[in-house]
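A quick write-up on the structure given underneath.
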Amino acid sequence: QKELKESYMLALNHLAWKNDSTNYRLYMEDAKELVKLENDSLFSFTILRSIANNYYDKKNYELAYRYYVKASEYNDFDPSIFYTAALANSQIKNNDSVDYWMQKAINLAKQQKDTASVFHYYRNYADIQIGAKKYDKALINIRNMERYNRYPINVAPFMTAIIFFQQHKL
């Protein structure tokens with residue numbers, strides 16, 4: 001059973017890398033059935049996340065979001081799954097849920113002391129809020145982002161300028 005699961009993982013990664021969507025879908029359907037039969041959290045998480053990523057890449061954000069949420073049920077200690085659920089959700093304009101998922105990602109990354117991810121999540125969270133015209137929330141996240149910046153370039157002034165120009169329709 002272990003070898004079968006590893007074979008699926010390798011085959012799916014290889015097919016995704018080759019951009020062979022036809023065979024990828026066939027293997028993915030088989031792997032999805034195996035997820036239902038197995039009680040292996042890591043395998044289930046990996047397969048469901050791969051399905052979600054595939055839907056996200058094809059811009060089917062609703063299905064991507066559903067699979068990210070399902071994958072999060074098998075792995076609640078990886079902040080990136082919550083982050084990608086938020087990104088998918090932002091594409092379907094469900095900003096209330098975006099807040100929930102992004103906060104989960106940020107809080108978990110903070111707990112794990114993963115400052116690079118916290119910075120990245122805050123930056124993209126602010127971008128999403130700018131796009132949704134929630135400027136006050138975006139500014140809060142920009143300020144939070146600045147506390148985790150370990151890079152030589154500071155993007156906060158640029159992001160603040162975007163908000164200013166959008167608010168004043170310049």
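We count residues from 1, following the sequence as given. For the numbers below, each heavy atom of this structure counts, side chains included, while hydrogens, waters and symmetry mates do not.
Taking hydrophobic clusters as Ile, Leu, Val, Met, Phe, Trp and Tyr residues chained together by side-chain heavy-atom distances below 4.5 Å, Ile92 shares a cluster with Leu63. Cluster annotation: Leu4 is not connected to Leu10 through the hydrophobic network of ILVMFWY side chains, with a link wherever side-chain heavy atoms come within less than 4.5 Å. One hydrophobic cluster, built from ILVMFWY side chains closer than 4.5 Å, cannot hold both Trp17 and Met9; they sit in different ones. The hydrophobic clustering, which links ILVMFWY residues whose side-chain heavy atoms are closer than 4.5 Å, places Ile142 and Ile140 apart.
In this structure a side-chain-to-backbone donor-acceptor pair under 3.5 Å is missing from Asp76 to Ser72. At distances below 3.5 Å, not a single donor-acceptor pair connects side-chain atoms of Ser50 with backbone N or O atoms of Ile47. Looking only at distances, a side-chain donor or acceptor of Gln112 sits under 3.5 Å from a matching main-chain atom of Phe77. Side chain of Thr84 to backbone of Ile81: a donor-acceptor contact under 3.5 angstrom is found.
Put simply, the side chain of Trp101 does not reach to within 4.5 Å of the side chain of Tyr68, judged on heavy atoms. Using a 4.5 Å heavy-atom cutoff, the side chains of Met145 and Val155 are in contact. Looking at Leu34 and Phe43, their side chains come closer than 4.5 Å, going by heavy atoms from C-beta outward. Contact annotation: the side chain of Thr22 never approaches that of Leu15 to less than 4.5 Å [non-hydrogen atoms, C-beta and beyond]. At a threshold of 4.5 Å between non-hydrogen side-chain atoms, the residues Met159 and Asp127 count as touching.
Minimum heavy-atom separation, Ala71 to Phe45: O-CD1, 3.2 Å. For the residue pair Val35 and Ser44, the shortest heavy atom distance occurs at CG1-OG, 3.6 Å. Closest heavy-atom contact between Arg147 and Arg150: O-NH1, 3.2 Å. Contact record, Ala109 with Pro79: N-CB, 4.0 Å, taken as the closest heavy-atom pair.
One finds a salt bridge joining Glu29 and Lys32 here, because a Lys/Arg side-chain nitrogen approaches an Asp/Glu carboxylate oxygen to under 4.0 Å.
Put simply, the residue from Asp78, Asn54, Asn75 that forms a side chain to side chain donor-acceptor pair (under 3.5 Å) with Arg49 is Asp78. The ring-ring contact (aromatic ring centres under 6.0 Å, His included) with Tyr83 is formed by just one residue from the set Tyr100, Tyr56, Tyr121; it is Tyr121.
In this structure, Tyr61 OH and Ser90 OG are separated by 8.5 Å, a value rounded to the nearest 0.5 Å. Remark: Met28 CE to Tyr55 OH distance equals 9.0 Å, nearest 0.5 Å. Rounding to the nearest 0.5 angstrom, the gap separating the NZ atom in Lys110 from the CG atom in Asn144 is 6.0 Å. To the nearest 0.5 angstrom, Asp136 atom CG is 8.5 Å from Ile163 atom CD1. Residue Tyr24 holds its OH atom at 12.0 Å from CG of Leu26, rounded to the nearest 0.5 Å. Here the CE-CG distance, from Met102 to Asn89, works out to 10.0 Å after rounding to the nearest 0.5 Å.
Shown here is Gln167, whose CD atom has more than 12 heavy atoms of other residues, nucleotides or ligands within 6.0 Å. Applying the 6.0 Å contact sphere to CD of Glu73 captures more than 12 heavy atoms from other residues, nucleotides or ligands. By the 6.0 Å contact criterion, OH on Tyr27 is open, its count of non-hydrogen atoms from other residues, nucleotides or ligands being 12 or less.
Aromatic ring centres of Tyr148 and His120: separated by at least 6.0 Å.
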After noting the C-alpha distance and the side-chain angles of Asn23 and Lys18, does the key distance pass the side-chain contact (heavy atoms from CB on, under 4.5 Å) rule?
CA-CA 10 Å; Asn23 285 317; Lys18 282 181 56 179; over 6 Å; no

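If you check the side chains of Asp99 and Tyr125, you find a donor sitting under 3.5 Å from an acceptor. There is a side-chain donor-acceptor pair under 3.5 Å between Gln166 and Tyr135.
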